[in-house]
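The structure appears below as structure tokens.
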Amino acid sequence: MKTFYTADHHLHHSGMELSFGRIVETFEKPERAEIVLRRVKEVGLGPVIEPPAYDRAAIERVHTPDYLDFLQNVFAEWRAAGRDGEVWPYSWRHRSMPMLDAPPASLDARLSYYSFDMAGSITETTWQAARRAADTALAGADAVLSGERAAFALCRPPGHHAGRDFFGGYCYLNNAAIAAQRFLDNGHARVAIFDVDYHHGNGTQEIFYDRDNVLLASLHGDPDFEFPFHLGYARERGAGRGEGFNLNYPLPAGTGWLEWQAAFEDAHARIGAYAPTALVISLGVDAFKEDPISQFKLESEHFLTIGRRIADFALPTLFVMEGGYAVDALGINAVNVLQGFEGA
Ligand code: FKS
Ligand code: ZN
């Protein structure tokens, strides 16, 4: 399997985050992608390919132009306002305040308009890194479109929390959604996205919620206790013609392999019944038992089984890297899915 990767991911590094009242080194650090890349090479998964640069048009199929302009320009605005450090939003609209349907004028109000949390900041080169992550997903999709059975887009920063016009949860551009849209725009009638990251992909859900040509199935920590908290319930099943094409599997803290697998198999059957012509996997491996920010109990060998069962769809498949923070096992866990897929 080909891996698409660029060292340009180093252009994004928030440095710190606020975690339960403490300022700590961010969990979403550049080392993550390096660790996965090292494992890809170690097991000889296949060639590692630098993605080309794509036009903004491919990204505008998913994200709004005003949001993209904002992401591109906000760091310069921040500096022009005489501020140093990185760009951080810090105040959000509470339910007691009227919602807006257009971006406000002030810098800080716009930052809150285009985000839902402060998991990650925007640095001078975050826009470039996020663009290159999207390029990585697009190049992976194009490889599959030109006949590869599967490809691995080793994207960083991750993407599944980013919506049409917002960032959050370490995500700026929704790499998996951009890839799914690429499939639709190049002859695929129905695409399934299977999100196995520990967190709910609220951005992906928002993007495709009213569509019937993308089926999203997501296994994740129940929003009653886990980030992003406000979305990811089983009752969210899609809207309009998208009704029935959004499948959420919220699972309790402490979920182990057997319970996780039962949900996975249910989602697997429903995806099969949808009869997609292409598949995108939002590949987070933070359901691992040692993950420092997660509450599930999967072991490394289970990621092999996940990959094997994904191969059983017998579909053109793109794996898109999302989360996973247990750095010691991150490479093994992510590549286990790919090796399981390849029949190792
Ligand atoms: C500890 C709480 C951290 C943010 C969690 C973000 C999870 C991101 C992810 C992605 F795939 F996008 F990377 N809260 N301070 O793993 O879902
Ligand atoms: Zn995650």
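Start at 1 and go down the list; that is how both ligands and their atoms are numbered. It should be emphasised that the depicted structure is a prediction, and the values quoted were computed from it without experimental measurement.
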Could you give me the CA-CA distance, side-chain angles and deciding distance for Phe313 and His268, then say whether ring-ring contact (aromatic ring centres under 6.0 Å, His included) is met? CA-CA 8 Å; Phe313 286 115; His268 195 288; 3.9 Å; yes
Every pair of nitrogen or oxygen atoms between ligand 1 and the protein that is under 3.5 angstrom apart - can you list them with their distances to 0.1 Å?
residue	atom	partner	partner atom	Å
ligand 1	15 (N)	Glu17	OE2	2.9
ligand 1	15 (N)	Ser19	OG	2.9
ligand 1	16 (O)	His199	ND1	3.2
ligand 1	16 (O)	Asp286	OD2	3.0
ligand 1	16 (O)	Tyr325	OH	2.5
ligand 1	17 (O)	His160	NE2	2.7
ligand 1	17 (O)	His161	NE2	2.7
ligand 1	17 (O)	Asp197	OD1	3.1
ligand 1	17 (O)	His199	ND1	3.2

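With the Zn ion (ligand 2) as the vertex, OD2 of Asp197 and OD2 of Asp286 span 80° to the nearest 10°.
Residues meeting the side-chain hydrogen bond (donor to acceptor under 3.5 Å, both in side chains) test with Asn186, sequence neighbours left out: none.
For Ser294 (side chain) and Asp291 (main-chain N/O), no donor-acceptor pair under 3.5 Å exists by modelled atom type. Of the possible polar contacts, none joining the His9 side chain to the Glu34 backbone as a donor-acceptor pair under 3.5 Å is found.
For the residue pair Asp66 and Tyr114, a side-chain donor N or O sits within less than 3.5 Å of a side-chain acceptor on the partner. Side-chain contact of Glu206 with Asn202: a donor-acceptor pair under 3.5 Å is absent, judged by distance alone.
In summary, Glu322 places no N/O/S atom under 2.8 Å from the Zn ion (ligand 2), failing the contact criterion. At a cut-off of 2.8 Å, His160 does not coordinate the Zn ion (ligand 2) through any N, O or S atom.
Under a cutoff of 6.0 Å and an axis angle of 45°, Arg211 and Phe208 do not form a cation-pi pair.
Taking the six-membered ring for Trp and the full ring otherwise, the centers of His200 and Tyr233 sit at least 6.0 Å from each other.
Within His199, the N, O or S atom lying nearest to the Zn ion (ligand 2) carries the name ND1.
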